[in-house]
Engineer: 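My questions all concern the structure below.
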Amino acid sequence: MIKKVIINKNNILALDYLVDNFAGCGIKFKLKPSELFNSLSVDVDSELFESFLTILAKAIILSHKYPAIIAACDKIEFTYANVACISALLYFDLQGEVDDVISVIKGEDNISVEGTFDFKLNNMREDWEELESIAQILTLGESDEDIYNVTNFMLSNRNTNKSLFLAQYPDILLANVTDGLMVEHIKLHENEDFNLINTIIAEGASELIIEKNQLKQSLLDCLSNLVKVKIL
């Protein structure tokens with residue numbers, strides 16, 4: 001079946017997420033840029049249809065939720081602890097949100113990332129207001145310990161037992177050694193340390209395996225507050 005996905009030209013986060021993750025799981029598509037929009041003509045077979053819906057739903061959510069959270073703490077200094085907390089807020093209740101979006105888009109052949117959110121999912125903005133207020137806590141100068149406590153509280157509802165192996169850094173090549181599924185590519189930051197923190201939280205990992213001396217100590221200290229770190 002052929003599905004058309006339309007993305008506003010300015011929504012780079014959604015475009016990059018869709019292109020990287022469609023390619024990563026073998027979904028065929030053609031990118032057609034225009035002056036105002038990028039469109040993807042996606043050829044989806046039945047075996048990959050669920051993956052297509054999940055990836056598209058996440059693109060719609062993340063490309064709207066991340067700016068909403070960031071706007072609430074626009075004066076924040078981006079430290080490891082703050083990035084970890086922002087990431088925990090971003091993925092809080094994500095699976096429930098994905099299910100809601102899928103229920104809206106699953107029968108559509110032409111799907112606008114912005115139009116779907118603005119006209120059919122705008123109530124999510126109200127749900128995010130509480131997350132935004134928590135994000136504002138970060139601007140009050142709490143200690144890193146306090147911020148990690150908030151972060152781990154936000155992650156406490158994600159009871160996963162997933163182990164990731166970092167095969168290469170700063171190119172973030174993560175292998176999921178627990179279930180063998182694809183590790184999603186999500187690039188929110190120019191700083192690859194921040195992207196690694198975000199990806200580990202996005203995956204809901206409980207353990208990270210790395211080679212000795214692959215990461216600097218300050219980053220290791222941050223990750224050790226979030227997951228069990230095993231050094232080979």
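Index from 1, following the sequence.
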Engineer: Do any pairs count as a side-chain hydrogen bond (donor to acceptor under 3.5 Å, both in side chains) and have a residue in residues 19-31, sequence neighbours left out, and if so which ones?
Structural biologist: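 For residues 19-31: Asp20-His185.
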
Engineer: Backbone N or O of Glu77 within a donor-acceptor pair of the Asn82 side chain at under 3.5 Å?
Structural biologist: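 Checked: pair present.
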
Engineer: I'd like to know whether Glu207 forms a salt bridge (charged side-chain N to carboxylate O under 4.0 Å, His left out) with Lys162, so could you lay out the CA-CA distance, the side-chain angles of the two residues, the decisive distance to 0.1 Å, and finally the verdict.
Structural biologist: CA-CA 6 Å; Glu207 180 183 64; Lys162 185 183 296 186; over 6 Å; no

Engineer: Just do the side chain to side chain donor-acceptor pair (under 3.5 Å) check on Asp221 and Ser224 with the steps written out, would you?
Structural biologist: CA-CA 5 Å; Asp221 291 342; Ser224 296; 5.4 Å; no

Engineer: Should Lys65 and Asp93 be marked as a salt bridge (charged side-chain N to carboxylate O under 4.0 Å, His left out) after you check the CA-CA gap, both sets of side-chain angles, and the distance that decides it?
Structural biologist: CA-CA 12 Å; Lys65 191 176 185 180; Asp93 197 30; over 6 Å; no

Engineer: Return the orientation label for the Phe78 and His189 ring planes: parallel under 30°, perpendicular over 60°, tilted otherwise.
Structural biologist: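 Rings of Phe78 and His189: perpendicular, over 60°.
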
Engineer: So which pairs with a foot in residues 35-49 pass salt bridge (Lys or Arg N to Asp or Glu O under 4.0 Å), sequence neighbours left out?
Structural biologist: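 Non-adjacent pairs meeting salt bridge (Lys or Arg N to Asp or Glu O under 4.0 Å): zero.
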
Engineer: Closer than 3.5 angstrom, by distance alone: can the side chain of Thr151 be matched with the main-chain N or O of Ala88 as a donor-acceptor pair?
Structural biologist: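 No: the side chain of Thr151 does not pair with the backbone of Ala88.
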
Engineer: Salt bridge (Lys or Arg N to Asp or Glu O under 4.0 Å): which pairs involve residues 187-199, sequence neighbours left out?
Structural biologist: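 Sorted result for residues 187-199: Lys187-Glu192, Asp193-Lys216.
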
Engineer: Please identify each residue that fulfils side chain to side chain donor-acceptor pair (under 3.5 Å) with Glu108, with sequence neighbours left out.
Structural biologist: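 Scan of Glu108 (side chain to side chain donor-acceptor pair (under 3.5 Å), adjacent residues dropped) gives none.
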
Engineer: Using the test salt bridge (Lys or Arg N to Asp or Glu O under 4.0 Å), find all partners of Asp179 that sit at least two apart in sequence or belong to another chain.
Structural biologist: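 Once residues adjacent in sequence are excluded, Asp179 has no partner under the salt bridge (Lys or Arg N to Asp or Glu O under 4.0 Å) criterion.
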
Engineer: Where the side chain of Asn195 meets the backbone of Leu188, is there a donor-acceptor pair that is under 3.5 Å apart?
Structural biologist: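 Such a contact is found between Asn195 side chain and Leu188 backbone.
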
Engineer: Are side-chain N/O atoms of Asn11 and Glu114 paired as donor and acceptor at under 3.5 Å?
Structural biologist: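 A donor-acceptor contact under 3.5 Å links the two side chains.
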
Engineer: Using the side chain to side chain donor-acceptor pair (under 3.5 Å) criterion, which residues pair with Asn123? Sequence neighbours excluded.
Structural biologist: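 So Asn123 forms no side chain to side chain donor-acceptor pair (under 3.5 Å) with any residue.
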
Engineer: Does NZ in Lys230 sit with more than 12 non-hydrogen atoms of other residues, nucleotides or ligands closer than 6.0 Å?
Structural biologist: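 Not more than 12 within 6.0 Å, no.
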
Engineer: Can you label the angle between the Phe194 ring and the Tyr80 ring as parallel, tilted or perpendicular, going by 30° and 60°?
Structural biologist: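 Plane angle over 60°, so perpendicular.
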
Engineer: Looking at every non-hydrogen atom in both residues, tell me the closest pair between Glu184 and Thr199 and how far apart they are.
Structural biologist: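 The pair with the smallest heavy-atom distance is O-CG2, 4.0 Å.
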
